Amino acid sequence: MFERLPRLDAAVDRAAGPVTRFLHRRLGITADQVTWASFGVTIVAAAVIARGHLYAGLALMAVGQALDHFDGAIARESGSASLAGARLDTAVDRLSEAAIFFGMVAAGLVSLKLALLAFTAILLLTSVSERSRLDPGCKRFVLYLGPWVAYPILFEVIFAVNLIAYVIGLLIVDIHFQRRMDALGGDLETVASRAAESEAEERQPLPAPRSA
Amino acid sequence: MTIVTHVLATTLGVKLFHLHGRSVVLAYLFGVAVDIDHFIKLPYFLRSVGLRNKRGYYWRSSLQEPVALLWIIPLSIFLGTVVPVAFFIVHLAMDYAVRYEKMPWYPYSAVVTRGWLTRIPDAVKEGVLLVVLICSNVFLVWTRR
């Protein structure tokens with residue numbers, strides 16, 4: 001949940017340690033199962049919000065987000081944390097946001113246009129956040145402010161923060177690439193294509209060892 | 001292209017389409033100010049090249065590549081105006097007429113291109129465009145007096 005704030009993440013892990021151990025060691029629940037359970041609860045939350053029960057929906061959404069923490073904690077506890085697991089978690093997070101946003105559109109809390117724009121900005125940010133390491137985390141959490149701030153304003157905030165973070169993220173990735181080009185040196189007229197080739201080579205998976 | 005050419009093209013567009021207020025600000029922001037990424041690259045240029053005037057340094061960033069349309073189009077929809085997209089595309093079209101290397105879809109693709117009209121020398125393209133833009137601006141001011 002707090003991947004960008006490792007100290008906070010570790011503190012929450014310590015506090016939730018007994019529950020994590022109970023879920024994993026006693027009940028044998030895996031991280032992926034918790035991820036999908038979290039998604040299921042969020043879908044119910046979205047349906048409840050769509051039916052007009054905002055506070056009950058927000059409470060369920062909070063349960064879904066709390067569960068969302070435990071998948072990472074269980075993965076770390078069991079030593080099964082992996083890139084694939086992290087990507088599944090991210091994909092389910094985006095699906096959860098889509099469901100909640102759609103629920104709010106159905107309830108008439110926000111226009112479809114604004115919800116789609118906010119979701120687009122979140123998707124754009126997600127597409128570079130792994131490389132830029134920048135994600136302000138301004139997504140579902142903002143929606144808890146709904147009882148005090150109008151939802152169209154909150155969705156505008158989600159749109160603006162994520163879009164700005166995306167632009168900054170792109171620039172961060174560009175600066176990494178610039179460093180690569182500067183390190184390569186040589187003919188400046190062809191440095192971009194040479195740096196692109198070297199980056200592509202680095203990203204290629206290593207060939208599998210041949211059996212005798 | 002140089003900043004002067006971008007300013008002239010944007011000014012022409014602003015006058016041609018009778019833009020006012022916020023639209024003028026957006027036109028110059030997306031027609032000219034996207035070049036701000038050159039300032040972001042300046043420390044890296046100074047570190048690797050120094051104070052020499054060396055041609056060919058990679059001054060561009062995704063701020064002024066087609067990939068930026070991914071965020072400029074949603075922004076235009078949000079603002080309810082086509083001005084950012086339109087002036088940004090003009091900026092792009094001008095930059096892609098210069099022969100240096102460009103990465104249109106980085107970081108999503110490592111494709112490198114040199115743009116269009118690559119057989120015509122850059123100085124010729126820039127010179128012709130500059131004259132056309134100056135004449136068009138003067139003509140517009142003259143006819144609307």
Side-chain angles (χ1 to χ4, degrees), chain A residues 111-125 127-132 152 155-156 158-160 162-204, chain B residues 29-30 33-34 36-50 52-80 84 88 98-115 118 122:
Chain A
S111 69
L112 178 63
K113 177 187 159 186
L114 205 46
L116 283 176
L117 283 171
F119 188 63
T120 302
I122 290 172
L123 283 183
L124 286 172
L125 177 64
S127 70
V128 291
S129 62
E130 204 175 283
R131 290 174 76 178
S132 68
F155 273 80
E156 284 179 6
I158 294 172
F159 171 72
N162 284 283
L163 203 70
I164 290 167
Y166 173 64
V167 176
I168 295 170
L170 280 178
L171 289 173
I172 291 170
V173 178
D174 276 330
I175 285 168
H176 293 325
F177 191 73
Q178 186 65 53
R179 287 197 183 123
R180 179 185 289 273
M181 286 192 284
D182 291 345
L184 269 177
D187 180 17
L188 289 179
E189 294 284 339
T190 59
V191 72
S193 42
R194 284 184 290 117
E197 274 172 29
S198 81
E199 191 178 73
E201 279 168 18
E202 266 180 34
R203 285 174 174 273
Q204 270 179 1
Chain B
L29 210 57
F30 288 90
V34 283
I36 197 166
D37 60 351
H38 295 339
F39 290 100
I40 296 167
K41 291 286 182 86
L42 188 62
Y44 298 93
F45 176 81
L46 292 173
R47 199 175 301 159
S48 69
V49 177
R52 288 172 294 151
N53 180 18
K54 196 163 183 179
R55 279 184 64 84
Y57 190 75
Y58 197 84
W59 286 100
R60 299 178 69 79
S61 78
S62 46
L63 207 59
Q64 47 173 320
E65 292 288 3
V67 73
L69 286 167
L70 287 176
W71 63 270
I72 294 173
I73 290 172
L75 182 71
S76 292
I77 294 169
F78 177 74
L79 297 171
F88 181 72
V98 184
R99 235 189 125 263
Y100 46 70
E101 288 191 317
K102 296 167 245 341
M103 299 184 76
W105 304 109
Y106 191 77
Y108 302 108
S109 161
V111 167
V112 179
T113 175
R114 287 191 180 270
T118 49
D122 288 346

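In the text below, chain A, chain B and the rest are named by the order of the sequence lines, each starting its count at 1. The structure presented is a predicted model; accordingly, all values stated were derived computationally and were not measured. Values reported hereafter were calculated over all heavy atoms of this structure, with side chains retained and with hydrogens, waters and symmetry mates removed.
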Checklist entry - Contact part of A:Leu170 toward chain B, heavy-atom cut-off under 4.5 Å: side chain, backbone, both or neither? => result both

Checklist entry - Of the listed residues (B:Lys102, B:Arg114, B:Arg99), which shares the most heavy-atom pairs with chain A below a 4.5 Å separation? => result B:Arg114

Item to check | Atom group of A:Val173 that falls short of 4.5 Å from chain B, counting heavy atoms | outcome: both

Checklist outcome for this item: Answer key: most heavy-atom pairs under 4.5 Å with chain B among A:Val128, A:Leu124, A:Leu114 is A:Leu124

Checklist entry - With a 4.5 angstrom heavy-atom cut-off, which part of A:Leu116 approaches chain B: side chain, backbone, both or neither? => result neither

Checklist entry - Among B:Leu29, B:Val34, B:Ile72, whose side-chain contact (heavy atoms from CB on, under 4.5 Å) with B:Pro84 holds? => result B:Ile72

Item to check | Among B:Tyr100, B:Tyr44, B:Phe39, B:Phe45, the one residue meeting ring-ring contact (aromatic ring centres under 6.0 Å, His included) with B:Trp59 | outcome: B:Phe45

Next on the checklist: Nearest 0.5 angstrom please: A:Ser132 OG to A:Tyr166 OH, how far?
Outcome noted: 10.0 Å

Checklist entry - Step by step, would you call A:Asp174 with A:Gln178 a side-chain hydrogen bond (donor to acceptor under 3.5 Å, both in side chains)? => result CA-CA 6 Å; A:Asp174 276 330; A:Gln178 186 65 53; over 6 Å; no

Checklist entry - Between B:Ile77 and chain A, which part of the residue has a heavy atom less than 4.5 Å away: side chain, backbone, both or neither? => result both

Checklist entry - Checking A:Thr120 against chain B: side chain, backbone, both or neither under 4.5 Å from a heavy atom? => result side chain

Item to check | Plane angle bin for A:Phe177 and B:Tyr58 - parallel if under 30°, tilted between 30 and 60°, otherwise perpendicular | outcome: perpendicular

Checklist entry - Given that the side chain runs from C-beta out, which part of A:Leu117 has a heavy atom under 4.5 Å from chain B: side chain, backbone, both or neither? => result side chain

Item to check | Cationic N near anionic O, under 4.0 Å, B:Glu65 to B:Arg60 | outcome: yes

Item to check | B:Ile36 atom CD1, neighbour heavy-atom count above 12 within 6.0 Å | outcome: no

Item to check | Winner by heavy-atom pair count (cut-off under 4.5 Å) against chain B, out of A:Ala196, A:Ala195, A:Ala192 | outcome: A:Ala192

